[in-house]
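Below you'll find the structure, written out as structure tokens, and then a few comments.
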Amino acid sequence: MSTPLRLKELSKKEELLTGGHRLCAGCGAPIAIRQVLLAADVPLVASNATGCLEVSTTIYPYSAWKIPWIHSAFENAAATISGVEAMYKALKKTGRIDRKIKFIAFGGDGGTYDIGFQSLSGAMERGHDMVYICYDNGAYMNTGIQRSSATPFGANTTTCPAGRVIHGKPQKRKNLTRIMAAHDIPYVAQTTPAHWRDLMTKVRKALEVDGPAFINILAPCNRGWRTPTNNAIELCRIAADTCFWPLYEYENGRLTINYKPKEKKPVTDFLKTQGRFKHLFSPDSKDLLKQAQENTDHEWDKLLREAACWAEETETTKEGN
Amino acid sequence: MGKKLAITGNQALAEAMKQINPDVCAAYPITPSTEIMQRFASFVSDGVVDTELVTVESEHSAMSACIGASAAGGRVMTATSSQGLALMWEMLHIASGMRLPIAMTLVNRALSAPINIHGDHSDGMGARDCGWIQLYSENAQEAYDNIFQAVRIAEHEDIRLPAMVCMDGFIISHSIESMEFLPDEVIRDFIGEFKPKYPLLNVDKPVTYGPLVLPDFYIEFKKAQHEAINKAKKVTLEVAREFEKISGRSYGLFEPYRLDDAEIAVVLLNSAAGTAKDVVDAFRDKGIRVGLLKPRLFRPFPYEEVAEALGNAKVICVFDRADSFGGFGPMYMEIASAMMASGSSPLMVNKIYGLGGRDFMPEDAEAVIKEMTEILDTGKTGTLKEYIGVRE
């Protein structure tokens, strides 16, 4: 029986990512990862792509991880855990191991959307029994805030700086969650640590699946986002309320939107909280803000339409029955 | 006695892997090594082996999966060639840095550009500094024998490092030769059970693989790695002695051929050594004191032992089937280091040959040995580094 998702119960569980790691004060990533680990009621083995989470949690001779953990390189958290999972199967098949173990790979957006995309796609296609968790802070934060393909439109980063001619990142962010859904794997979801019950329920679903699962988690970075250190959770909430970061899941290909804000807030509510978008609020940048809103609306509308199709299908099936 | 069969090098290696029955293999196809994993895949499909085969989307992922699997706590193998090895480069360092005893067959092939699928040693020599043990093989028999020994050396308590067994692409991988197989149970006893150290899958005792190590400790890790690989010389000889007991075939750190009293020595790796041995015999018949040294263990390199074996040579020609552009060939540099460190100073020349699979013919060896006799007489070397067999 798994631990009920009640704070009282969860608070009794052992933290598997200990305090004393060296991630920045106010970082969203460790909050997300602790929630992920707390959600699991099976023993886990994790791989980790190179990035903030990896370098800050394992500064030799210390480690903040209370689970078996491997970091091999930047682009291959998925391939590395594929190997671990394959060995588990081999040892199980030949009777050298008999307990249930689950496998998780952690990567930031750079190690997932960009350099790690091939190995992630390969691992998903091969159907390893693993959960891939991306903590998305929207840039290469560890190396000094360089743009990634997850960086939002208009953001000021060190490799797409807001200048006189180019005003931050000219491209939209890659919609990796939907790309992962296109892999037709059993479970794909997107969430934030502000919605802890949603996040933990999704982790449980992902772990229960026999096969590959992917969860994309928004993880604010105060260094890169140019925000105070006390509002990571609030930023996640605004991200969901503006539909910049919708909460949804695909279960065996079927889309459900898990959170529909009663009143969809303008994306500027999200953008204005962060120094990385400051230049968008100058009087001559109205078009850019308009573009940012259109990008958000477009993605949200696509989701709504797809969810409506699924709802319609359910209705038709019911009628047919 | 095992059975004798006519077989290609790749078939021999696939059979060897079948006899080893590793827990996990991860592989991506690349010529000329493809056939090894292809044949092995059919053993997996037929349930002849217990192996979990991970058919990854690139060689980078192949080595990454091998690393994960090996750290998880089981026996792991793969095979590759050329660009495949080059794509693994980053992960080769990580496998050795984590002290994971992965065994791999490297079917030697040239590197791009221009693209060429045929045999030379650019790939293996390029992986020289990756911290892997490297064994080279003259023919299918040696490659077959070496892979079992590589598993033993890699997994040895004092070593725990990855090892690659090299054989020439096409010349050996695709040519049929007669060789002897050892019985399955003999192999099983020889390689023994895999004993994991610090397995990731022991969830009761969590371990951390691949942490961040800053300047306060990194160099200690690297020195420890150097010390571990250096122990492989001794272990290679111990394992070879044991292997001789089951096979009757004896192996060392290198093969000295008519070298004891040789004034002229040629150094040749892999299949070309076989060709040159015949030529050495012909010159010996003419009363010329020529001998050959065929290196086997290239990493760690047995400097003292090589210097001793070449101790009587006044002229040495080192053949390289790979180049270091703007430098001498990689094998030449090793032999020169060995001789220099031993305090002897023979005349040394370097011949680059057979790149991209260009044939190495007995006439090529003949011409070079003839040139060496002239150097011996005159005491003068001409061009120190030269490409041979090149159309002008």
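Lettering of chains follows the sequences in order, A, B, ..., and the numbering in each one begins at 1. Atom set for the values below is all heavy atoms of this structure, side chains included, hydrogens, waters and symmetry mates excluded.
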Validation row: Leu87(B), Tyr28(B) side chains within 4.5 angstrom (heavy atoms): no
When Ser56(A), Ser72(A), Ser63(A), Ser47(A) are compared by non-hydrogen pairs under 4.5 Å with chain B, the top option: Ser72(A)
Best-contacting candidate, Phe103(A), Tyr62(A), Trp69(A), Trp65(A), against chain B by heavy atom pairs under 4.5 angstrom: Trp69(A)
[X] versus chain B, the contacting section by heavy-atom distance below 4.5 Å:
X	answer
Ile101(A)	side chain
Glu75(A)	side chain
Thr94(A)	side chain
Val55(A)	both
Lys93(A)	side chain

For [X], which atoms come within 4.5 Å of any heavy atom of chain A: side chain, backbone, both, or neither?
X	result
Met63(B)	neither
Ile94(B)	side chain
Phe194(B)	neither
Leu214(B)	side chain

Check: Phe217(B) ring centroid to Tyr60(A) ring centroid under 6.0 Å: yes
Max heavy-atom pair count under 4.5 Å with chain A, selected residue of Gly73(B), Ala71(B), Ala26(B): Gly73(B)
